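Please read the structure below before turning to the comments.
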Amino acid sequence: MIKNRTKVTIKGFNQERTLNQISQKIKIYNFKREENGISHFEVDFKDRKQIKNMLKSSGIQVISYSSYGLKKFIKNLIRSYGILAAVAAILLCYIGQYNFILKVDVFGQEETINRQIERFTEESLHSRLKSKIDTKKLEILIMEKFDEVSSVSAAIVGQSLVINVHQVELPEELEGEFAPIISQYEGRITKIHLIQGTLAVNEGDIVQKGDILVYPYVVDSQGERRDTHAKAQIYADIWLEGVQTHYDCRYKTQRTGEKHIYSEIFFNNLLIFSNKKDVNFKQYESENSMRFLSKNLLLPLYIRKTIVYEVETIEIKSDFLKEKTQIIENARQKALIFLQENEIIKEEIITIKEESGWHEVRLVLTVNRNIGG
Amino acid sequence: MFNFFDEIKAKMGIKDDALYDYNIVNVSGRLLYAEGHKGLVVLSDRQIVFKLKSGQAVVEGSGLILAELAQNTLFIKGKITKVELQ
């Protein structure tokens, strides 16, 4: 591609004399003699016209000329008027349309406001020509039209008109709905520290989960109700419960150690092989696993291996009094799951319920916790 | 033309004019450079003969290609087995 040469193929006799004549004026490269008196050689691309003239006058038969290299490529390109015209047209179109804005992009905080600003901007633009768009004037128009916007900047970036907006931050009382403080737990209220709002409970009240503790409004001296954000710290004694049941007699299923293993081969869910044998386990449980036999699931051929374990049910008798300590500890662990970090247990109450054949241990821990706010 | 031929001759103190007729360099039997030729006589893939001021040079081998031919210089590529001056 870097070398720009013209390859010439000639035929005839006494080619040496022709070469000697040519080499006086033009440099010749890679002369090679083929069969039947045909030879080819190369000259520089710039000498192609001269070589043509010289060979014409030499009387030797010229079979072909062929050029290669970058200069040849460019020369062909220049002669391709269609391609040149297309390239020129594309360039003109691109340069032409580049002077226009194709879209408006608004970046801000809320999608709805952004869309409104985008629509307003589209309507305000009298022309899409970049030189005719006054971004400063546009910024002033947007600020005047939208009260929610605290600052705006408009700039032309490429073929887009980019508008960045910042919204005014309203105090909490002026935006959104107000929610009451709701109890997260069931408990007895021990301490109330009200900051804002109207109390719905008093100290000593027992509340359930979901009960309203503080209403999101205040009543002023004129009896007018004014909405506000409910804020308060309300502490209550709540109860964390853990229950453990003990049965004097229970049954447990365990494996005896006997097992039977067999395999089955399926082709597209059709059983084609099995070495299953009858087993005389009275009670059993089984596990199976499946594996495909063909690579990349080419064939629907798979093997299923099943292990059958013999099991037996045994009766386990246990005395509650002997295991009482452990049972209570189990119940305590269940209650402690609900304990939060750094919480102090105020009280622990254990209740044991006895029925025929079973006992229930209920352990309740009392802790003080912020149940709302 | 390569200038170092003149430098070699000057260094050897040789001033004979005949030594300035032609120069031939055989590079590893694969490439032959000659300057001072007076035209080709025979051109084939086994033998290339070119004229000198006094006589001619015969290059024999196989796969010979005339890589470059200019007014006064030439390059021959291929397997060169013999270079004879006649």
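Since this is a predicted model, take the numbers as computed values, not measurements.
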(message) Tell me if a side-chain donor or acceptor on A:N20 pairs with a main-chain N or O of B:L40 at a distance below 3.5 Å.
(response)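 Yes: the side chain of A:N20 pairs with the backbone of B:L40.
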(request) Say whether, by atom type as modelled, one donor and one acceptor occur between the side chain of B:E68 and the main chain of A:Y29 under 3.5 angstrom. (result) no
(request) Answer yes or no: are there more than 12 heavy-atom neighbours, outside A:K130 itself, under 6.0 Å from its atom NZ? (result) yes
(message) Using every non-hydrogen atom in the two residues, find where B:I65 and A:F31 come nearest and quote the distance to one decimal.
(response) CG2-O, 3.3 Å
(request) Return the minimal non-hydrogen interatomic distance between A:R33 and B:S44, and the atom names on each side. (result)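 Reported closest heavy-atom pair: NH1-N, 4.3 Å.
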(request) Name the member of A:N30, A:N14, A:I26 that forms the most heavy-atom pairs with chain B at distances under 4.5 Å. (result)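 So the answer, after comparing A:N30, A:N14, A:I26, is A:N30.
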(message) Please identify, among A:I28, A:I22, A:L19, the residue contributing the most non-hydrogen atom pairs under 4.5 Å to chain B.
(response) A:I28
(message) Could you measure the distance from the CD atom of B:Q71 to the NZ atom of A:K27? Nearest 0.5 Å is fine.
(response)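 Going from the CD atom of B:Q71 to the NZ atom of A:K27 covers 11.0 Å.
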(request) Any chance you could measure B:D45, atom CG, to A:K32, atom NZ, to the nearest 0.5 Å? (result)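 Interatomic distance, B:D45 CG to A:K32 NZ, rounded to 0.5 Å: 8.5 Å.
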(message) Looking only at heavy atoms and a cut-off of under 4.5 Å, which of B:L64, B:L74, B:V42 has the most pairs with chain A?
(response)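 Ranked by heavy-atom pairs under 4.5 Å with chain A, first place is B:V42.
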